[in-house]
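Since the structure comes first, as structure tokens, the remarks are kept for the end.
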Amino acid sequence: MIEIVIRRKNQTFIIELKLKRLELMNNLQIFWLSIEYLYTVNSPKYNQLKGGFVYAFVSAIDEKEATNKLHVKLQEYNIELKRIEFVSIYDLNTEWEKEQDKKKYSMLYKRAKTSNEIQFDDFYAYEMVNGGVFQICCKE
């Protein structure tokens, strides 16, 4: 980090903070998360669907920041994080059975890399059927 000293106390802090932020932004990585979620009572889908699964691509410094960003974004959608299946740095060389999947996930990776927005794959929802058994019902 470059240190700039200015005699005014508040200005020194602001400049150092901006430089630190630039340094951190250069260290961002794209994390790939697989999660299970539940719809909250505030969701219009609450009475129709129980929850679901989705992949997310998040630009962050570390796993903790990626998870925190995802949690905040899900709250905007009235979705509660139930379980994180995995969090890892996405490798563009990940092998997929279908070329179509490789292209799709590469595109989500690139969008996450060039924006500050979380990129979601398709949401797969499930509903409760007879006796509390869950069944995947739809792609949202």
Side-chain angles (χ1 to χ4, degrees):
M1 178 172 137
I2 299 170
E3 185 176 331
I4 297 175
V5 177
I6 297 176
R7 297 290 176 217
R8 293 185 185 147
K9 189 176 182 181
N10 290 340
Q11 288 179 344
T12 302
F13 177 75
I14 291 169
I15 291 171
E16 287 178 359
L17 186 62
K18 285 182 180 177
L19 289 172
K20 183 66 175 171
R21 180 174 168 79
L22 285 173
E23 182 181 299
L24 292 175
M25 288 176 65
N26 289 333
N27 294 325
L28 293 177
Q29 300 182 71
I30 303 303
F31 287 87
W32 177 32
L33 297 88
S34 176
I35 65 154
E36 182 178 2
Y37 61 88
L38 298 172
Y39 290 102
T40 67
V41 290
N42 296 328
S43 172
K45 298 180 183 192
Y46 179 74
N47 289 323
Q48 305 161 8
L49 302 168
K50 179 70 176 170
F53 302 90
V54 69
Y55 287 146
F57 291 77
V58 182
S59 177
I61 296 166
D62 56 23
E63 288 181 13
K64 183 177 180 181
E65 182 185 24
T67 304
N68 288 342
K69 282 183 170 183
L70 180 63
H71 184 68
V72 169
K73 182 54 94 177
L74 291 175
Q75 287 178 330
E76 291 175 20
Y77 295 145
N78 293 313
I79 292 174
E80 176 185 320
L81 183 62
K82 179 178 180 183
R83 181 175 66 92
I84 298 174
E85 184 178 352
F86 66 79
V87 180
S88 65
I89 295 171
Y90 187 74
D91 181 356
L92 278 172
N93 296 318
T94 299
E95 292 187 26
W96 294 94
E97 288 183 25
K98 298 178 185 174
E99 185 63 26
Q100 176 184 347
D101 289 338
K102 182 178 177 102
K103 287 179 183 177
K104 177 169 70 169
Y105 296 122
S106 292
M107 179 193 65
L108 291 171
Y109 169 93
K110 289 173 186 170
R111 284 185 187 167
K113 188 89 171 154
T114 58
S115 76
N116 199 26
E117 291 295 316
I118 294 173
Q119 301 299 312
F120 290 101
D121 187 16
D122 298 321
F123 284 74
Y124 289 92
Y126 56 78
E127 60 188 353
M128 199 175 325
V129 292
N130 302 334
V133 175
F134 295 107
Q135 173 181 321
I136 293 181
C137 66
C138 47
K139 180 169 97 171
E140 295 191 55

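Since we're looking at a predicted model, the values are computed, not measured. Heavy-atom basis, side chains included; hydrogens, waters and symmetry copies ignored.
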Task: Residues in salt bridge (Lys or Arg N to Asp or Glu O under 4.0 Å) contact with Lys104, at least two apart in sequence or another chain - done: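 With neighbours one apart ignored, the set is Asp121, Asp122.
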
- [ ] Step through it carefully: locate the ring centre of Tyr37, locate the ring centre of Tyr77, and say whether they are under 6.0 Å apart.
- [x]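 Ring centroids of Tyr37 and Tyr77 are no less than 6.0 Å from each other.
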
Open item on the list: Quick check: Tyr90 with Phe57 (ring centres under 6.0 Å apart)?
Closed with: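 When the ring centroids of Phe57 and Tyr90 are compared, they turn out to be within the sub-6.0 Å range.
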
Non-neighbouring partners of [X] that pass side chain to side chain contact (heavy atoms under 4.5 Å, CB included), sequence neighbours left out:
X      : result
Glu36  : Phe53, Lys82, Arg83, Tyr126
Ser115 : Glu117, Gln119
Thr40  : Asn42, Ser43, Asn78, Glu80

- [ ] Rounded to the nearest 0.5 Å, what's the gap from CD1 on Ile118 to CG on Leu108? Could you check?
- [x]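 Answer rounded to 0.5 Å: 12.5 Å.
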
Open item on the list: As an exercise, state the distance from CD1 of Ile84 to OG1 of Thr67, rounded to the nearest 0.5 Å.
Closed with: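 Result: 4.0 Å between the selected atoms.
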
Hey, does [Y] have a side-chain heavy atom less than 4.5 Å from the side chain of [X]?
X     : Y     : result
Ile30 : Val58 : no
Asp62 : Glu65 : yes
Tyr39 : Ile79 : yes

- [ ] Ignoring hydrogens and angles, tell me if any N or O in the side chain of Lys69 forms a donor-acceptor pair with the backbone of Ser59 under 3.5 Å.
- [x]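 Side chain of Lys69 to backbone of Ser59: a pair is present.
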
Open item on the list: Run the side-chain hydrogen bond (donor to acceptor under 3.5 Å, both in side chains) test against Tyr109 and tell me which residues pass, sequence neighbours left out.
Closed with: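 Residues passing side-chain hydrogen bond (donor to acceptor under 3.5 Å, both in side chains) with Tyr109: none at all.
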
TODO: With sequence neighbours excluded, give me every salt bridge (charged side-chain N to carboxylate O under 4.0 Å, His left out) pair touching residues 85-103.
DONE: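 Residue pairs with at least one partner in residues 85-103: there are none.
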
Open item on the list: Using every non-hydrogen atom in the two residues, find where Ala60 and Phe31 come nearest and quote the distance to one decimal.
Closed with: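 Result for this residue pair: O-CE1, 3.5 Å.
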
